[in-house]
Every structure is written in C-alpha cells, then in structure tokens.
2 protein chains.
Amino acid sequence: MSETRAPQGFGESLLYLTDEQLRQGIEAMFFAYRGFTADPDRILDDLAYGRAHHRAVHFINRAPGTTVNNLLAILGVTKQSLNRVLRSLIEDGLVESRVGTADKRERHLYLTERGKALETRLSDAQRARMRAAFREAGPEAVSGFRQVLEAMMDPDMRRAYTRLRDNG
Amino acid sequence: MSETRAPQGFGESLLYLTDEQLRQGIEAMFFAYRGFTADPDRILDDLAYGRAHHRAVHFINRAPGTTVNNLLAILGVTKQSLNRVLRSLIEDGLVESRVGTADKRERHLYLTERGKALETRLSDAQRARMRAAFREAGPEAVSGFRQVLEAMMDPDMRRAYTRLRDNG
DNA sequence: AGCATATGTCAGCCTTGTTGACATTCCAAG
DNA sequence: CTTGGAATGTCAACAAGGCTGACATATGCT
C-alpha cells in the first residue's frame, strides 16, 4: 500500500510506523482484547449470560435512564439483537424498563439492585486486570494507551466515548 | 473490591488508578476494538468470510508452515471450530495443507498466492487505521499503548505475542 | 388525518464458538 | 512387535449472538 519502510535518513523518528511495528500493534490488540474479556466471560459463563449481556449492563449502569435507541447507537447492534438480551435481563429482574414521561414511546432503562450487583461483580473483575496493567506500565504509558485507542476509534464512537467520559 | 479512590495524600501520582480512570480504559478498549476490526470486516463481508478466517490467514502468513496445533494455541479456539474455517480456506484455494516430513501426523499450513493476496488486502486496511492512529498519537504514546496492552494479556498469550514479535 | 418515530416481536439465516464421539495415522515405550 | 497415546480430521448437535425482513403498537408531530 504505502510506507512499507520508514524513509531512509529520517533517523528513528518514524520507526514506529514500519509495517513490522504496525503488525505488532495489531497483534497486541488481538491478544490484549482476549485478556480484557477473559475475566468477565468466566463469570458470565456460570450465569447463562454472554458478553452481550455484559455490554448492556455496563452501559445502562453508566447512563441510567438511557433509552433503547441510545443503547443501540452505543452498542452498534440491531434492535432485534439488543431486544433479545434486554428481554432476558428484564425477565430475570436485573433491568427495569420504564415508559418515558415526556415521550411515552421511549423506554428508559435502569439497573435493579440485582442488576447493580452483577455489574459490580463484572466490572470489579475487569477493573482488577486493568488496574494491574496500568500499575505495571505506569502513568505515562497509560496516557499513551488512551491516546492511541482514541485515535483508532471511528469518529462516531469517539464522540460517544468522550461524551460518556465527560458526563461521568 | 479495593482502591476505589486513590489514597489521600499521594498527590496525583495514582490518579490513573481510580475506578473512573479504569472505566475509561475499559470503554476505550471496547470502542477502539470496534474500529480495529471494522475495515477488515467490511472486506470480509463481500467474500462470505468472517473474522475467524481473517485470524487464521493472519497467523498462517505470520508463521508459514505452522501446524494446526500451533494455530489452535494462538487462536484459543477448539480444533473443530478452526477446522471448519481451515477447510473452507483450503477448498477455496487460499491455504495449502502439507503433511509433515519429520512427523507425518502434523499438517503444515501455507498461504497460496491467492491467500497471500487476501492477507495483504486485509492487513493493508487494518494497518492503514493503525498507522493513522499511531501518527496522530505520536511515538511516546505508541510505546505506552504497547506496554499497557502487553500487561493486559494472559501470561500464555503474552509469551505467544513476544515469541511472534521476536522471531519476526 | 396522516406520516414519522420508538419500540417490541416473530421468523429465519449465518458465523463461530462449544461438547462428544469416533477414525486414522503415526511415534515411542515397553 | 505390540500397544498406548498424541495429532489430526470428521460428523453431529447445539447455543450465543450477530443479521435481515416483516409487521404491530403506541405515540408524537405537522
């Protein structure tokens, strides 16, 4: 495609853009994501829930009262797919769906106490790994980690991410 | 769990370990991984292949002649799951499976020319995004990015990752 | 009144993961 | 030389969680 090697004569400044460095970045993402999801996945396995339930629970906890449409946009799935997950969470009493007051077409989503308990359990596990990684790598590395990840997002997702971050 | 807030009196040094910072890291991983896979996914959709095919093609290209068992360990799936993917790639003439010479039980996997062409197309797309992100974030950030990701991997995966990296 | 929006639901399909069972081939230890 | 175990392949069945398409309902807006 382009830029197979850093141009000669530019010293070390662009060495991190060689195909080899880029491939290492790609593989790092692949292996790290596996670690990232491993701990919650183990917990979810015992509960007949999957990663999709985790994501829903995470973002409902993050923005209580969010609407279904909102959640669809953040998760990037179809309403049918989300609905299946949401239905089981509501049936099991982890999520509550309240008809909107201003606009009665909307359903606002909240975690119940049991839902909050699961969210805490899952995110404790995930945070523990993230904390260990952050501690091992140090503050400078953490800053770089976030900068690169932000730059890798699609613009829409980056907006969603910063909105969540800044409203937190 | 623990360490809900950075301990008082430690100044700013541990602020990146607050639950809020950790949650931002978690969400960054989630949104960034979506971007990370988006471009290859679009290409694969047109070809009736999925992410699993991409992963297989990537690692066969990375280590030509690797055995099925090797690939299983790296991908972290069952042989049945990998076999389905591998079979279609072999049938379609993208991957060649050669019986081992030293140990004839083993099958050594190679990309054909067509397989290499697909690999190039997929990784070009993925590298382009990674390159843009690296360039935007800068070399210091890239270093931190990789440090945190490495620290997030399971030990086994970290070994696989560094082995691939150092043999490259 | 009529169109658009938000949501839910049914049916069916695909990919990709799983487990279990079993055959084949081959190496290596007894 | 026989036998056990390892590596591989294959078949079957199943589940999660994506997808599309179609349709119903309630509500809001013009």
Side-chain angles (χ1 to χ4, degrees), chain A residues 30 33-34 37-38 40-60 65-92 95-110, chain B residues 30 33-34 37-38 40-60 65-92 95-109 122:
Chain A
F30 172 71
Y33 198 78
R34 286 251 296 278
T37 56
D41 280 357
R42 264 189 291 274
I43 295 172
L44 291 158
D45 268 1
D46 301 338
L47 302 173
Y49 288 138
R51 229 175 259 182
H53 299 82
H54 182 191
R55 292 196 283 262
V57 163
H58 174 97
F59 285 108
I60 294 172
T66 190
T67 63
V68 173
N69 248 2
N70 246 320
L71 207 49
L72 285 181
I74 286 177
L75 296 177
V77 298
T78 59
K79 64 174 181 172
Q80 293 92 329
S81 204
L82 174 60
N83 193 253
R84 183 169 32 198
V85 166
L86 230 38
R87 203 187 319 163
S88 71
L89 290 172
I90 291 169
E91 276 168 9
D92 296 351
V95 168
E96 192 191 349
S97 168
R98 296 184 205 154
V99 173
T101 50
D103 186 337
K104 291 181 189 166
R105 290 171 305 179
E106 298 178 337
R107 305 300 149 96
H108 298 272
L109 303 169
Y110 300 87
Chain B
F30 172 69
Y33 198 78
R34 287 251 295 279
T37 55
D41 281 357
R42 263 189 293 274
I43 295 172
L44 291 158
D45 268 0
D46 301 338
L47 304 174
Y49 288 138
R51 226 174 262 181
H53 298 83
H54 181 191
R55 292 196 283 263
V57 164
H58 173 96
F59 286 108
I60 293 171
T66 189
T67 63
V68 173
N69 247 6
N70 247 321
L71 208 47
L72 285 180
I74 286 177
L75 296 176
V77 298
T78 58
K79 62 176 180 172
Q80 293 91 333
S81 200
L82 175 59
N83 193 254
R84 181 170 33 201
V85 166
L86 230 36
R87 205 187 320 161
S88 71
L89 290 172
I90 292 170
E91 276 170 9
D92 296 351
V95 167
E96 195 192 346
S97 168
R98 296 186 207 153
V99 173
T101 50
D103 185 338
K104 292 180 190 168
R105 289 169 305 180
E106 296 179 340
R107 307 301 147 97
H108 298 270
L109 303 168
L122 292 171

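Just so it is clear, the structure is predicted and the values come from calculations on it, not from any experiment. Order of the sequence lines sets the chain letters (A, B, ...), proteins ahead of strands, with each chain counted from 1.
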Residues 69-86 of chain A vs salt bridge (charged side-chain N to carboxylate O under 4.0 Å, His left out), sequence neighbours excluded, gives none
CG (B:L44) and CZ (B:R42) are apart, to the nearest 0.5 Å, by 11.0 Å
The correct set of residues in residues 83-91 of chain B placing a heavy atom under 4.0 Å from DNA chain D is B:N83
Closest non-hydrogen contact found for B:D103 with B:R105 is OD2-NH2, 2.7 Å
Only residue of B:D46, B:L47, B:D41, B:D45 satisfying side chain to side chain contact (heavy atoms under 4.5 Å, CB included) with B:I43 is B:L47
(Q) Is any side-chain heavy atom of A:L71 closer than 4.5 Å to one of A:V68? (A) no
Rounding to 0.5 Å, atoms CZ (A:F30) and CG (B:L75) come to a distance of 5.5 Å
In whole angstroms, the gap separating C1' of C:dG8 from CZ of A:R98 amounts to 20 Å
message: Please classify the nucleic acid contact of A:H108 as base, sugar-phosphate, or nothing, using heavy-atom distances under 4.0 Å.
response: nothing
*asked:* I want to check one thing: is the phosphate of D:dG17, taken as OP1 and OP2, less than 4.0 Å away from some side-chain N or O of A:H53?
replied: yes
Looking at side-chain heavy atoms only, is the closest gap between A:R107 and A:V99 below 4.5 Å? yes
Rounded to whole Å, the NE2-C1' distance (A:H54 to D:dG18) equals 19 Å
Sorted by number, residues from residues 69-82 of chain A placing a heavy atom under 4.0 Å from DNA chain D are A:G76, A:V77, A:T78, A:Q80, A:S81
Once base and sugar-phosphate atoms are separated, protein heavy atoms under 4.0 Å mark nucleotides 25-30 of chain D, 5' to 3', with B, S and - as -BBS--
* Asked: Within the distance-only criterion (no hydrogens, no angle test), does the side chain of B:R51 pair as donor or acceptor with the backbone N or O of B:P40 below 3.5 angstrom?
  -> no
Q. Should the ring pair A:Y33 and B:Y33 be called parallel, tilted or perpendicular, given that the plane angle runs from 0 to 90° and is split at 30 and 60?
A. parallel
Is the closest side-chain heavy-atom distance between B:L86 and B:I60 below 4.5 Å?
-> yes
If we ignore hydrogens and angles and just use 3.5 Å, is the side chain of B:R98 paired with the main-chain N or O of B:G65 as donor and acceptor? no
Taken to the nearest whole Å, CG/A:L109 to C1'/C:dT7 is 11 Å
Residue set satisfying ring-ring contact (aromatic ring centres under 6.0 Å, His included) with A:Y49, at least two apart, ordered chain then number -> A:H53
Atom CZ of A:R51 and atom C1' of C:dT18 are separated, to the nearest Å, by 14 Å
Taken to the nearest 0.5 Å, the spacing of A:H108 NE2 from A:N70 CG works out to 9.5 Å
Heavy-atom nearest nucleotide on DNA chain D taken for A:A52 and for B:E106; more 5' hit belongs to B:E106
If one requires at least 3 consecutive Watson-Crick or G-U pairs with distances under 3.5 Å, the stems of DNA chain C turn out to be C:1-30 with D:1-30
